[in-house]
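Quick notes on the structure that follows.
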Amino acid sequence: MSFKDQLNTNKIPEHVAIIMDGNGRWAEKKGEHRVFGHTKGVESVREALTAAGEIGVKYLTLYAFSTENWNRPKEEVDALMDLLVKTITMEVDSLNENDVRLHVIGDLDSLPPGCKEALEESIEETKNNTRVNLILALSYSSRWEITRAIKNIVEDVQNGDLNSDDIDTETIDNYLNTVNFPEPELLIRTSGERRISNFLLWQLAYSELYFTETLWPDFKKENFFEAIYNYQKRERRFGKTSAQLLSDD
Ligand code: IPE
Ligand code: IPE
Ligand code: MG
């Protein structure tokens, strides 16, 4: 039986985040250039997005390019930006056909102008879609996001729009790039690395973490369903005891 058939349809996470890792190693294993791996990785993005739509995941956040990834060789960065523009432009019709709304989190202003424009266009063209929200983390890092939030909070306190006594965790939520999205119940990282790499540090506070050895270009729909299946077997306690959870039911 497939993992999809074994899923409990009443326990589908609302939001899944993925650190799509391993493109370079996938290509190098085949004796190819790293960029070939990034190109193949686009197919896995389609797989994950389709899989999310099929089971009713409402938000899918994909870590596509980190603040630190700017430090890669220029040739690889340029190829990634090029791939991004081409993919976004090519996929917008398919996003609309599948009722997918595109969002971006990260420092959009740091992207090449053509890239930023292509993204803004696709965000606008898909804004009425409601089935799945696809959130691309681009030129994103959590420390960048939190630093920006703190600066904006301080500014609003200084200009009188915010009272410092009123600052609570919800205030912080509201100043992050993810303000409109629920927290991910599940984080998936491919390629065998077991770290967060500056991704959603605040938002992942209580997320379930799922690590798989599969390299991103090999990640297919069934791998996604397997991760959800694994998630569904876990007990999320949020600091309580098991007994408390059972009596809450
Ligand atoms: C993930 O794959 C994609 C990006 C970070 C842009 P990598 O390029 O990190 O691939 P590995 O980890 O080197 O194999
Ligand atoms: C994390 O992968 C960033 C993305 C997947 C976009 P990296 O490959 O950049 O992370 P590290 O360097 O292994 O931590
Ligand atoms: Mg990597």
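For ligands, and for the atoms within them, numbers begin at 1 and follow the listed sequence.
Salt-bridge annotation for Glu124 and Lys127: present, with a side-chain N of the basic residue lying under 4.0 Å from a carboxylate O of the acidic one.
Taking a cut-off of under 4.0 Å to the non-hydrogen atoms of Phe65, the atoms of ligand 2 that pass are 6 (C). For ligand 1 and His38, the ligand atoms under 4.0 Å from any heavy atom of the residue are 3 (C), 8 (O). Ligand 2 places these atoms under 4.0 Å from at least one heavy atom of Asp21: 2 (O), 8 (O). Per-residue contacts place Arg72 under 4.0 angstrom from the following atoms of ligand 2 (heavy atoms of the residue considered): 7 (P), 8 (O), 9 (O). Atom numbering of ligand 2 starts at 1 in the shown order; those under 4.0 Å from a heavy atom of Asn69 are 3 (C), 6 (C), 9 (O).
At a 4.0 Å cut-off, not a single heavy atom of Glu28 sits close enough to ligand 1 to count as contact. Heavy-atom separations between Glu193 and ligand 1 are all 4.0 Å or longer. The closest approach between Gly22 and ligand 1 falls below 4.0 Å for a heavy atom of the residue.
When only interatomic distances are considered, the shortest N/O to N/O separation between Arg195 and ligand 2 falls below 3.5 Å. Distances between N or O atoms of Ser197 and those of ligand 2 include at least one value under 3.5 Å.
Because the distance cut-off is set at 2.8 Å, Asp21 qualifies as a neighbour of the Mg ion (ligand 3) through one of its N, O or S atoms.
At least one donor-acceptor pair closer than 3.5 Å links the side chain of Asn198 to the backbone N or O of Arg143. Here the side chain of Ser122 pairs no donor or acceptor atom with the backbone of Val92 at under 3.5 angstrom. Listed for the Glu222 side chain is a donor-acceptor partner under 3.5 Å among the backbone atoms of Phe3. When atom types are taken as modelled, the side chain of Glu76 and the backbone of Pro73 share no donor-acceptor pair closer than 3.5 angstrom. Proximity of a side-chain donor or acceptor of Lys221 to a complementary backbone N or O of Ala48 within less than 3.5 Å is not detected.
A pairwise comparison of heavy atoms in Thr61 and Phe199 identifies CG2-CZ, 3.9 Å as the closest pair.
Residue-level proximity to ligand 2 for Arg189 is carried by the side chain, the only part with a heavy atom below 4.0 angstrom. Contacts of Phe199 with ligand 2, taken as heavy-atom pairs under 4.0 Å, are absent altogether. Contact annotation: for Ala64 versus ligand 2, heavy atoms closer than 4.0 Å belong to the backbone alone.
When the heavy atoms of Arg34, Arg25, Met20, Lys29 are ranked by distance to atom 13 (O) of ligand 1, first place goes to Arg34.
Of the protein's heavy atoms, Gly24 N, 2.9 Å lies nearest to atom 10 (O) of ligand 1.
A ring-centre distance under 6.0 Å is found for Phe238 and Tyr206.
From Leu95, atom CG reaches atom CD of Glu125 across 10.0 Å, with rounding to the nearest 0.5 Å.
With Trp26 as the aromatic partner, Lys30 meets the cation-pi criteria of under 6.0 angstrom to the ring centre and within 45 degrees of the ring axis.
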